[in-house]
Number of protein chains: 2
Amino acid sequence: MPPHLTDDVLELMAGKFRMLSDPTRLAILRCLMAGERNVGQVVAETGRGQANVSKHLRMLADAGLIRRRKAGLQVYYAIADPLIEKLCHLVCDTIQADLSREVERKQAMLSEWRIADRG
Amino acid sequence: MPPHLTDDVLELMAGKFRMLSDPTRLAILRCLMAGERNVGQVVAETGRGQANVSKHLRMLADAGLIRRRKAGLQVYYAIADPLIEKLCHLVCDTIQADLSREVERKQAMLSEWRIADRG
DNA sequence: CAACTATATAACTAACCAGTGGAATAGTCA
DNA sequence: TGACTATTCCACTGGTTAGTTATATAGTTG
């Protein structure tokens with residue numbers, strides 16, 4: 001990254017992250033990571049409303065994260081940007097680390113309790 | 001990633017990304033990537049309002065992305081999660097790719113124009 | 001203690017966005 | 001053409017949050 005990022009570049013970056021900042025969109029992306037799906041399949045697999053899914057698919061497509069392929073009555077979507085998976089994996093790693101730390105902290109608290117109890 | 005992510009895990013992931021989905025927060029993080037800074041320095045370097053910066057710093061600290069160190073009258077902040085830089089670099093890469101593609105597309109359009117003009 | 005500085009908080013406004021239901025569009029099959 | 005299905009668009013509601021101004025807290029220095 002350059003030393004000073006102008007506001008418009010920051011806005012571009014923020015926009016990318018914003019696309020990934022919604023659970024429904026992440027669920028959709030997770031679904032598409034398994035392979036190309038049509039809207040009905042995504043609706044079924046994510047358990048979200050159809051209009052809702054359609055709207056999010058449009059946002060993701062407009063942002064260039066997924067691509068659209070029309071086949072007869074169905075519309076198929078697929079991951080277009082391979083970086084998405086990398087980003088999600090990194091975030092999953094940090095969350096796992098967070099959870100590990102939390103477990104350790106609680107275990108330490110319990111240990112101290114036992115020591116204090118004994119003393 | 002496991003095949004099916006529960007909604008609470010998706011919400012955790014979305015929350016991480018949401019922290020990075022604001023230009024002001026990105027500007028702050030970019031500033032801290034150069035090293036530890038106190039609030040005044042961050043305000044000066046980002047050009048944002050003091051209350052605004054303070055609020056975002058708190059959000060970032062609460063989310064565990066940065067850490068807080070009080071020294072007398074000043075409060076110093078620093079990056080706590082090294083993954084942030086990786087995420088930002090990845091996103092910068094995708095943006096650069098997007099821009100390259102856009103330039104190529106425009107250049108292609110201009111080329112076609114010249115060909116059509118000649119024909 | 002009083003004046004001063006750095007940082008944090010409170011209250012408020014405006015904008016944005018997720019979700020929903022219903023109407024509209026487009027493709028398919030009889 | 002008419003019934004049917006998959007998908008998209010529209011209008012609305014409620015909740016979230018960014019930014020601002022003014023105020024409060026905490027540490028420092030005289």
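Numbered from 1 within each chain, the chains take letters A, B, ... in sequence-line order. The structure displayed is predicted, hence computed values, not measured ones.
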**OP:** Round to a whole Å and report the spacing from CD1 of B/Ile66 to P of C/dT7.
**Re:** 13 Å

**OP:** Check the distance between C/dA15's P and B/Asp22's CG and give it to me in whole angstrom.
**Re:** 17 Å

Original post:
Please give, in whole Å, the distance from C/dT7 C1' to B/Tyr76 OH?
Top reply: 13 Å

Original post:
Are any of the side-chain heavy atoms of B/Phe17 and A/Leu87 separated by less than 4.5 Å?
Top reply: yes

Original post:
Side-chain heavy atoms under 4.5 angstrom apart, residues restricted to Ile, Leu, Val, Met, Phe, Trp, Tyr: same cluster for B/Leu83 and B/Met13?
Top reply: yes

Original post:
Distance check: side-chain N/O of A/Arg25 vs OP1/OP2 of C/dG19, anything under 4.0 Å?
Top reply: no

Subject >> Distance, rounded to the nearest Å, where A/Lys55 contributes NZ and D/dC10 contributes C1' >> reply: 10 Å

Original post:
Has the side chain of A/Gln50 got a donor or acceptor that lies under 3.5 Å from a partner of the other kind on the base of D/dA6?
Top reply: no

**OP:** Could you tell me whether the phosphate oxygens of D/dT17, OP1 or OP2, come under 4.0 Å of any side-chain nitrogen or oxygen in B/His56?
**Re:** no

Subject >> d(CZ, A/Arg37; C1', D/dA6) in whole Å >> reply: 17 Å

**OP:** Specify the separation, in whole Å, of atom CG of B/Leu10 and atom P of C/dA18.
**Re:** 15 Å

**OP:** Map A/Gly72 and B/Leu73 onto DNA chain C by nearest heavy atom, then report which one ends up closer to the 5' terminus.
**Re:** B/Leu73

Subject >> Nearest listed nucleotide, side chain of B/Tyr77, among C/dA8, C/dT5, C/dA18 >> reply: C/dA8

Original post:
Within the modelled atom types, does a donor on one side and an acceptor on the other bring the side chain of B/Lys70 and the base of D/dG27 under 3.5 Å apart?
Top reply: no

Subject >> Closest to side chain of A/Thr24, choosing from D/dA18, D/dT7, C/dG19 >> reply: C/dG19

Subject >> Nucleotide nearest B/Ala51 (side chain, heavy atoms from C-beta), chosen from D/dT20, C/dT20, D/dG19 >> reply: D/dT20

Subject >> Flag side-chain contact, heavy atom, 4.5 Å: B/Arg25 against B/Leu20 >> reply: no

Original post:
Within the pair A/Arg58 and D/dT8, is there a side-chain N or O less than 4.0 Å away from OP1 or OP2?
Top reply: no

Original post:
Base, sugar-phosphate alone, or nothing: which one does B/Arg48 contact when heavy atoms must sit under 4.0 Å apart?
Top reply: nothing

Subject >> Contact under 4.0 Å: B/Arg18 side-chain N or O vs C/dC16 OP1/OP2 >> reply: no

Original post:
Is the side chain of A/Thr46 donor-acceptor paired with the backbone N or O of A/Val42 at a distance under 3.5 Å, no angle test?
Top reply: yes

**OP:** Consider only side-chain N and O atoms of B/His56 and B/Asn52, and report whether a donor and an acceptor are under 3.5 Å apart.
**Re:** yes

Original post:
Given atom CG of A/Asn52 and atom C1' of D/dC12, what is their separation to the nearest angstrom?
Top reply: 15 Å

Original post:
Do the side-chain N or O atoms of A/Ser54 get closer than 4.0 angstrom to the phosphate oxygens (OP1, OP2) of D/dT8?
Top reply: yes

Original post:
A/Asp7 has an atom CG; how far is it from atom C1' of D/dA18, in whole Å?
Top reply: 14 Å

